[in-house]
Number of protein chains: 2
Amino acid sequence: MKGGAGLPAHDPTDVWRRPERSPVGPKPEHSRNGIATAALRIADQEGLAAVSIRRVAASIGAGAASLYRYVKSHDELVELMMDAVAGEYQLEADGEHPRGRLLDLAHQGRDIMHRHPWLAPLLLTRPSMGPNSLRFLDAALAALAPVDLSGPAKLQIVAMMSAITSAFVQNELASLTSSGPDENASANRGQYIIDALQAGEYPHLAAAMAGHSATGDADEQFTSAITNYLTGAGIPIQLS
Amino acid sequence: MKGGAGLPAHDPTDVWRRPERSPVGPKPEHSRNGIATAALRIADQEGLAAVSIRRVAASIGAGAASLYRYVKSHDELVELMMDAVAGEYQLEADGEHPRGRLLDLAHQGRDIMHRHPWLAPLLLTRPSMGPNSLRFLDAALAALAPVDLSGPAKLQIVAMMSAITSAFVQNELASLTSSGPDENASANRGQYIIDALQAGEYPHLAAAMAGHSATGDADEQFTSAITNYLTGAGIPIQLS
DNA sequence: TCGAATTGCGATCACCGTTCGCAATCAAGA
DNA sequence: TCTTGATTGCGAACGGTGATCGCAATTCGA
């Protein structure tokens, strides 16, 4: 009935519910995992923008259209990538109290985003719902088990913690890049602000940027940002 | 020496430092502001993806290439849009205490992001540094003036508050869309998760989602999320 | 062995951001 | 007043993108 539409007949629209290979037909020359890995390498080295269908296909020696046998769309490829890196979490639960456990997960998240600089923006933008991501979510909720809060409230807390982590890392990465070797762009970029500050507009901004940044360790800053939030959210140091 | 490269001779690479019109030559038929407004309308109605150079140009009755006389790139157009909506803040400072003032700004931000659903992802992803955005930043710092913290620490707090706001709104918008009239997509989207939950993986996730969402008002939830963070960050109710 | 389903993929479509070159326009200087 | 030179508007084009189509080749179950 249908022409060569792209995907096999078993396509329940959801990547994770779709079997990778059907019992009939020639055996695929590639795999979802291999494709995700190739895409990941490209993203790590050249940024997310370099991850195009054609580029990924070429990097595994396949034709562009062939990728659509494994992946329904470019977005789905990105989903695969996100879940792949979510697999880097170490989720073994030691006997720590909730706050320490969550803090550990947050730090792991920060490390992962440092390894894969393209991740932070994505996490802030779209939810990742693959098996590895769900495993992470479950682990975070497990850490919150002894805390007396409603289920939705706990979900909210985990979501916020992840968001804060992503936002923090994004700031880190942005400032790292702007102090890089690309003098021109970043210099010009801030020129307007400098002018405006000297012109006397934004007095409070000027004052805030004048204060020396005696904050020291970025690690410490991150820890206190997360701790701040958890404290406000009512996560105690010892389990209540 | 140069062909028709695009922009006029006065192009200090920064939109905000570049004069809109030069004293010589024919008077422009459009304006930066008009273009931003047109782009904004398109984004509000059809989403950010619909804001292409060609589309915006057509909507104001101009040729595609003409837009580059006003804007150096698509990214710059987006910058214009972001700063335009940043102008919707009401920044008059009444005599409130820091916490109340910040909370008001956060609520205004949330309202703005509701009016312009494309905004939240952008704010989380790239900083906006136009005059209106800087005015907002300055107002937030003004609210923090009576608080005894270093300048950078205050900047950090404002950045985090904005990030939390954007993340919260993003969650709101995502759940609104998924419970919309588009039954198929959202149903299929969650199907995998439902299956996995019933299969017994992710027990804590299952438990958390089973608890009824007695949280009530989203407004209230938002207030407490922000308040939580501010409390943890050491912003008192009354000025210290 | 045969049929049905699947794979790989070249060609193609409809876009996208961006650049080029040129005619038309306008303000200032001669 | 006329000329000059920078600036505007823009059709055409370039290289790239995601996605679809149709077909030959492959493979497994019946």
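A, B, ... follow the sequence lines: proteins, then strands. Residue 1 opens every chain.
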| message | Base, sugar-phosphate or nothing for A:A62? Non-hydrogen atoms, less than 4.0 Å. | response | sugar-phosphate
| request: Give a yes or no on whether B:N33 atom CG has more than 12 heavy-atom contacts from other residues, nucleotides or ligands under 6.0 Å away. | output: no
| query | Please, which pairs that meet ring pair (Phe, Tyr, Trp, His ring centres under 6.0 Å) have at least one residue in residues 108-140 of chain A, sequence neighbours excluded? | reply | A:Y89-A:F136, A:H116-A:W118
| message | So, OP1 or OP2 of C:dT7: does either fall under 4.0 Å of a side-chain N or O from A:Y70? | response | no
Mind listing the N/O atom pairs, protein and nucleotides 12-15 of chain D, below 3.5 Å?
{"from": "D:dA13", "atom 1": "N6", "to": "B:R54", "atom 2": "NH2", "distance (Å)": "3.3"}

| D:dG18 C1' sits how many Å from A:R55 CZ, rounded? | 17 Å
| request: Provide, to the nearest angstrom, the distance between the CG atom belonging to B:L77 and the C1' atom belonging to C:dT18. | output: 14 Å
| Under 6.0 Å from the CZ atom of A:R41, do we count more than 12 heavy atoms belonging to anything else shown? | no
| Just how far, in rounded Å, is C1' of C:dT19 from CG of B:L67? | 14 Å
| query | A:H74 has an atom NE2; how far is it from atom C1' of D:dT17, in whole Å? | reply | 9 Å
| note | Shortest non-hydrogen pair, A:L105 vs A:A139, comes out as CD1-C, 4.3 Å
| task | Residues of residues 26-34 of chain A with any non-hydrogen atom less than 4.0 angstrom from an atom of DNA chain D: list those, numerically ordered, please. | result | A:P26, A:K27
| field | Which residues share a side chain to side chain donor-acceptor pair (under 3.5 Å) with B:H30, sequence neighbours left out | value | none
| Just how large is the angle between the end axes of the helix from C:dT1-D:dA30 to C:dA30-D:dT1, five pairs per end, to 10 degrees? | 10°
| query | Going through the distances and angles, do B:I53 and B:Y68 end up as a side chain to side chain contact (heavy atoms under 4.5 Å, CB included)? | reply | CA-CA 9 Å; B:I53 295 285; B:Y68 287 94; 3.6 Å; yes
| query | Does A:S133 offer a backbone N or O that forms a donor-acceptor pair with the side chain of A:D83 under 3.5 Å? | reply | yes
| message | List the residues meeting ring-ring contact (aromatic ring centres under 6.0 Å, His included) with B:Y70, not counting sequence neighbours, and say none if there are none. | response | none
| task | Starting at atom CD1 of A:I53, determine the distance to atom C1' of C:dA11, rounded to an integer number of angstrom. | result | 17 Å
| Nearest-Å distance for atom pair CZ/C1', residues B:R69 and D:dA6 | 11 Å
| Main-chain N/O of A:A143 paired to B:H204 side chain as donor or acceptor, under 3.5 Å | no
| task | Could you check how far CG of B:D75 sits from P of C:dC16, rounded to whole Å? | result | 16 Å
| task | Nearest 0.5 Å please: distance from the CG atom of A:L123 over to the CD atom of A:Q170. | result | 10.0 Å
| said: Checking the side chain of B:Q108 only, and the main-chain atoms of B:Q90 only, is there a donor and an acceptor separated by less than 3.5 Å? | reply: yes
| task | Could you tell me whether B:S52 contacts a base, only the sugar-phosphate backbone, or nothing, with contacts defined as non-hydrogen atoms closer than 4.0 Å? | result | sugar-phosphate
| request: Report yes if a side-chain nitrogen or oxygen of A:Y68 is closer than 4.0 Å to either non-bridging phosphate oxygen (OP1 or OP2) of C:dG8; otherwise report no. | output: no
